Student: 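Quick one: the structure is below, questions incoming.
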2 protein chains.
Amino acid sequence: MDRQRTENNEDASTRERPTLKTLAFMTGLGVTTVSRALKDAPEIGAETRRRVQLVAKQIGYRPNRAGVRLRTGKTNVISLVLNTEQEIMSFVSDIIYGVSEVIADTPYHLIVTPYSRSQDPLDPIRYLVETGSADGVIISRTQPNDARARYMLERGIPFATHGRTEMGLVHPYHDFDNYAFAAEAVRRLADIGRSKLALLSPPVGLTYHSHTVNGFADALRDVGASEIPFSTVSIDHSIEQIRMRTAQLMRRDVRPDGFVSSAAAATLAIVAGIEDAGLKLGRDVDVVSKQSSDLLHLFRHELLVVNEDFRLAGSELARSVLGWIGGAAPGSLQSLSEPKGVVAYRR
Amino acid sequence: MDRQRTENNEDASTRERPTLKTLAFMTGLGVTTVSRALKDAPEIGAETRRRVQLVAKQIGYRPNRAGVRLRTGKTNVISLVLNTEQEIMSFVSDIIYGVSEVIADTPYHLIVTPYSRSQDPLDPIRYLVETGSADGVIISRTQPNDARARYMLERGIPFATHGRTEMGLVHPYHDFDNYAFAAEAVRRLADIGRSKLALLSPPVGLTYHSHTVNGFADALRDVGASEIPFSTVSIDHSIEQIRMRTAQLMRRDVRPDGFVSSAAAATLAIVAGIEDAGLKLGRDVDVVSKQSSDLLHLFRHELLVVNEDFRLAGSELARSVLGWIGGAAPGSLQSLSEPKGVVAYRR
DNA sequence: CTGGCAATCTGTAACGTTTCAGTATATTGC
DNA sequence: GCAATATACTGAAACGTTACAGATTGCCAG
C-alpha cells in the first residue's frame, strides 16, 4: 500500500508524459479537481483554476486522447472520405490543406478514409459510423439523392458535403456555383462570337452535373446559341478517351466552335483533341475551363479560365463540420462560392 | 447487485456496439478468455477459439480502438507529415493513395499532419512523438542531415523517409534515383545534339538536390557537354519566378539549348519562359522533365519526360513503416526506384 | 447556536482492452 | 494413489479520462 503510493509519487517526478494524476500530485489537489480546473468548470475556485492551468502549461500537459475517447466517446477526429480513383488531383491536396488550416489550432486530427471505384461509397461511411471513428465526416462527389448523407443524417453524425443534395433534407455543405460557372462561360463564348457550343460536364449522377448542365442550357437559350451534344464523355473519363472523342467531334461537319470544360486536366485533353483534328485554339474554337491551380494559361494562352478554390472549399467544409459538432444549426452551415468571372490571359 | 447484472445482460442483447463483454456473455466465457481467443493465444482450447471467433464475426465485433490504445499504447495510426506549401501537388494525392492501398486491410488509419513554411519541420514530429499519436511516421522533403529522422531514431519511433539521408544512420526510406534521372536526361539531350544544358533542380538543402546535381554534372562530363548555370531558382519557386528567370536566361548571348527539369509544374514555367524569349521548343531548345502524371505530352508534344510514380512511393513507404513496426530490420526496408528511361511523344 | 446552503473540493466507478496472477480440472509419472 | 504438471479458463487491476454522488468548510438567517 505504502509501496504503491511511493511509486505513484515517483511517477509524478519521472520524465514520463504527465497525466492528470501528475498534475494532481504537483498541485496537491484531487484528480477530479484538476480535470475540472482545466476545462474552466464553474465550481472551481478562481485561484485554483489559474494555478492548475499554470502548472499544466509549465509541464506541457496534454490530455491523453485514448483516455478521453474511451470515457466520452469523443474522438477529436475529422474524416475526409475520398475516392481513390476519381478525385481531381489538385482537389485532394488543396482540400486537405484547407481542412488542415481550420483544424490546426483545435484538438482535431484529420484522417483520410479512402474507397475505391469497386466499393459501395457507403462502405467507408458505414465503417466510420459503426466503429465511431470520427466526430465528423467530409464527403465529396455528392449526389442529388445521396445515400451517405441520408445514412449519416439518420445516425445523427455531423458531416458536410462538398456539393449539394436534393433530398429535402438539410445538412451543411459547401459548393461552387457551377450553374453560374457554366452560364458565364457560355455568355463569354457568345460575346466573342461563338455560337455552337459543347459541354464537357461532370459525371452524370453527381449533383453538380445537373447544375452545370442547367447553367449551360439556360445561358445557351439566353444568348441564342446552340448546343453540340458531347455527353459521351465526362471529366471522369481518361485523358485519352476525352482526347479521342474531342477529335472525332471536331472532324464532323457540324462541330462546336466553343467548349466549356469542368476540369483542367480534361481541358488539356480537349485541346489536344482539337489540335489532333487540325484546328486551332483561339481561331477555330475557344475553350472556357475551370481550373483550381493557375496553370492552364501556361498550357495555351488562348484558354479562358474560371478559378475554383479547393483550399477554400476544404476550409469551409471543415468549419461546417466543426460548427455542427459544436452545436450550430446544420442549416446555418451552408455556403456557396461564386465564380469570380472568366479570365483571359494574353502574351 | 442483481440489478446491475441484469443491466449488463441487457447490454449484451441491445443493439449497442459489441464489446468483449458482449462476446463473453454470449459465449458464456470470461472476458479474458475471449480476448485471448480472438488473438489466437496458445492457451485457449481449439474449439473455444473457433467458437469465439465465429460469434465475433457473426455479430461484427470490432475492437474498440480507444480501449486498445489506452491499455497498450498502440494507436494503429500512421501519420503522413506534409508541408502545406511546398509539396508537389500530385505528390500529395498519389502518395496518400499509395499509402492507403497498403494499409487498407490492416487496422491502421492514416492521419495527415501538416506543417507550414514558417514552422520548424521538427514541430509536427515532436508533437506526434510527445503525444504518442502514431505508431509510425512518413516524412518527405528529406535532408542529408535530417533533424526529424535523427529525432525519431533517438526516440525509437518507426518511420520512413521519402528520400535518403546522409548521416550514417540506417532507417527505412524510399527514393527515386534522381542521379540516374538527371544523368539519363543529359545523355538524351546530348544524343539529340544539345550541348549547353541548364538544370532546374530541387531546392537546395534536400538530399535529392545533390543527387540530381551530381547526376547532371557527371553525365555532362561524360558526354562532353557544358552547363549553363541556372541555380537562382529551384522547383520550389513560383511559376512566375521560374518563367521570368528562364526568359532572362534565354535572352542571353550564351544560352542553353537544353533543360533538365525536376518537376512538371516547373516545366510549364520553363517552356513559357522559353517562348517568352521568342524561342521554340524542339527547334532551339529541348527539355527533359520529370512528371508524375502523364500530362506533359499534352502540353507540348516536343517535351521529353521521365515518369516518377508517387503512388508507388506511398506504397513502399507505408510498407516500410509497417515492416519496422512489425519488427523487421530498418536496413532491410529501403528501396530505390529507377527511372524507366526518357520518353518522347510524337503527334 | 443551529440548520441550511453555497462554494470548493474529492473518491469511486466506468469506458474497453490486455496482462498478471491465479484457480480448477484433467493428465502424467512413478 | 498421490504429487507434479499441463491445460483451459478466470477475476482483478490498470491505462487516463470524466461524471456522479458525496464531503468539507464557511457563512448567514433565524
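Residue numbers start from 1 in every chain, and the chains themselves are labelled A, B, ... in the order their sequence lines are given, proteins ahead of strands. Predicted, not measured: the structure shown is a model, and the values here were computed from it.
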Student: Among residues at least two apart in sequence or on other chains, which ones pass side chain to side chain contact (heavy atoms under 4.5 Å, CB included) with A/E87?
Tutor: A/L82, A/N83, A/F91, A/V92, A/S140, A/R141, B/Y97
Student: Check for a donor-acceptor pair, side chain of A/T84 on one end and backbone N or O of A/Y115 on the other, with a separation under 3.5 Å.
Tutor: yes
Student: Whole-Å distance between C/dG16 C1' and B/Y61 OH?
Tutor: 7 Å
Student: Will you find, in the side chains of A/T165 and A/H171, an N or O donor that is under 3.5 Å from an N or O acceptor?
Tutor: yes
Student: Donor-acceptor check, side chain of B/T161 to backbone of B/I139, threshold 3.5 angstrom: yes or no?
Tutor: no
Student: Does any N or O in the side chain of B/S320 come within less than 3.5 Å of the main-chain N or O of B/L333, such that one atom is a donor and the other an acceptor?
Tutor: yes
Student: Taking A/T142's backbone N and O only, do any of them form a donor-acceptor pair with A/T207's side chain (distance below 3.5 Å, no angle check)?
Tutor: yes
Student: State, to the nearest 10°, the angle formed by the axis through the first five base pairs of the helix from C/dC1-D/dG30 to C/dC30-D/dG1 and the axis through its last five.
Tutor: 50°
Student: Please state how far atom CG in B/N76 lies from atom C1' in C/dT17, giving the value in whole angstrom units.
Tutor: 12 Å
Student: Polar-atom pairs under 3.5 Å, protein N or O versus N or O of nucleotides 23-28 of chain C: list them with distances, or write none.
Tutor:
none

Student: Which protein N or O atoms sit under 3.5 Å from an N or O of nucleotides 6-11 of chain C?
Tutor:
residue: C/dC9; atom: OP1; partner: A/T48; partner atom: OG1; Å: 2.7
residue: C/dC9; atom: OP2; partner: A/G45; partner atom: N; Å: 2.9
residue: C/dC9; atom: OP2; partner: A/T48; partner atom: OG1; Å: 3.1
residue: C/dT10; atom: OP2; partner: A/G30; partner atom: N; Å: 2.7
residue: C/dT10; atom: OP2; partner: A/T33; partner atom: OG1; Å: 2.5
residue: C/dT10; atom: O4; partner: A/R36; partner atom: NH1; Å: 3.4
residue: C/dG11; atom: N7; partner: A/T32; partner atom: OG1; Å: 3.1
residue: C/dG11; atom: O6; partner: A/T32; partner atom: OG1; Å: 2.6

Student: Quick one: is D/dG16 close enough that its OP1 or OP2 comes under 4.0 Å of any side-chain N or O from A/K21?
Tutor: no
Student: Taking atom C1' of D/dT17 as reference, at what distance in whole Å does atom CG of B/N64 sit?
Tutor: 14 Å
Student: Does B/D135 use its side chain to pair, donor to acceptor, with the backbone of B/K74 at less than 3.5 Å?
Tutor: no
Student: Return yes if some donor-acceptor pair links the side-chain N/O of A/S335 with the main-chain N/O of A/H174 below 3.5 Å, else return no.
Tutor: no
Student: Once you apply a heavy-atom cut-off of 4.0 Å, does A/T19 come out as touching a base, just sugar-phosphate, or nothing?
Tutor: sugar-phosphate
Student: Distance-only, no hydrogens or angles: does the B/R155 side chain make a donor-acceptor pair with backbone N or O of B/R126 under 3.5 Å?
Tutor: no
Student: Which of residues 67-75 of chain B sit near DNA chain D, with a heavy atom under 4.0 Å from it?
Tutor: B/L70, B/R71
Student: Whole angstroms only, please: what is the CG-P distance between B/L23 and D/dT10?
Tutor: 13 Å
Student: Can you check the B/L38 CG to C/dG16 P distance for me, whole Å?
Tutor: 15 Å
Student: In whole angstrom, what separates A/L20's CG from C/dT12's P?
Tutor: 17 Å
Student: For the backbone of A/V31 and the side chain of A/S35, can you confirm whether one donor and one acceptor N or O come within less than 3.5 Å of each other?
Tutor: no
Student: Is there a side-chain contact (heavy atoms from CB on, under 4.5 Å) between B/N64 and B/T19? Walk through the geometry before answering.
Tutor: CA-CA 8 Å; B/N64 179 304; B/T19 68; over 6 Å; no
Student: If I take atom CG in residue A/D40 and atom P in nucleotide D/dT18, what distance separates them, rounded to the nearest angstrom?
Tutor: 13 Å
Student: What is the distance from CD of B/E16 to P of C/dA14, rounded to the nearest Å?
Tutor: 17 Å
Student: Is a side-chain donor or acceptor of A/R17 paired with a backbone partner of B/T131 at a separation under 3.5 angstrom?
Tutor: yes
Student: A/R65: what forms a salt bridge (Lys or Arg N to Asp or Glu O under 4.0 Å) with it, not counting sequence neighbours?
Tutor: none
Student: Between A/Q86 and A/R117, is there a donor-acceptor pair closer than 3.5 Å when you use the side chain of the first and the backbone of the second?
Tutor: no
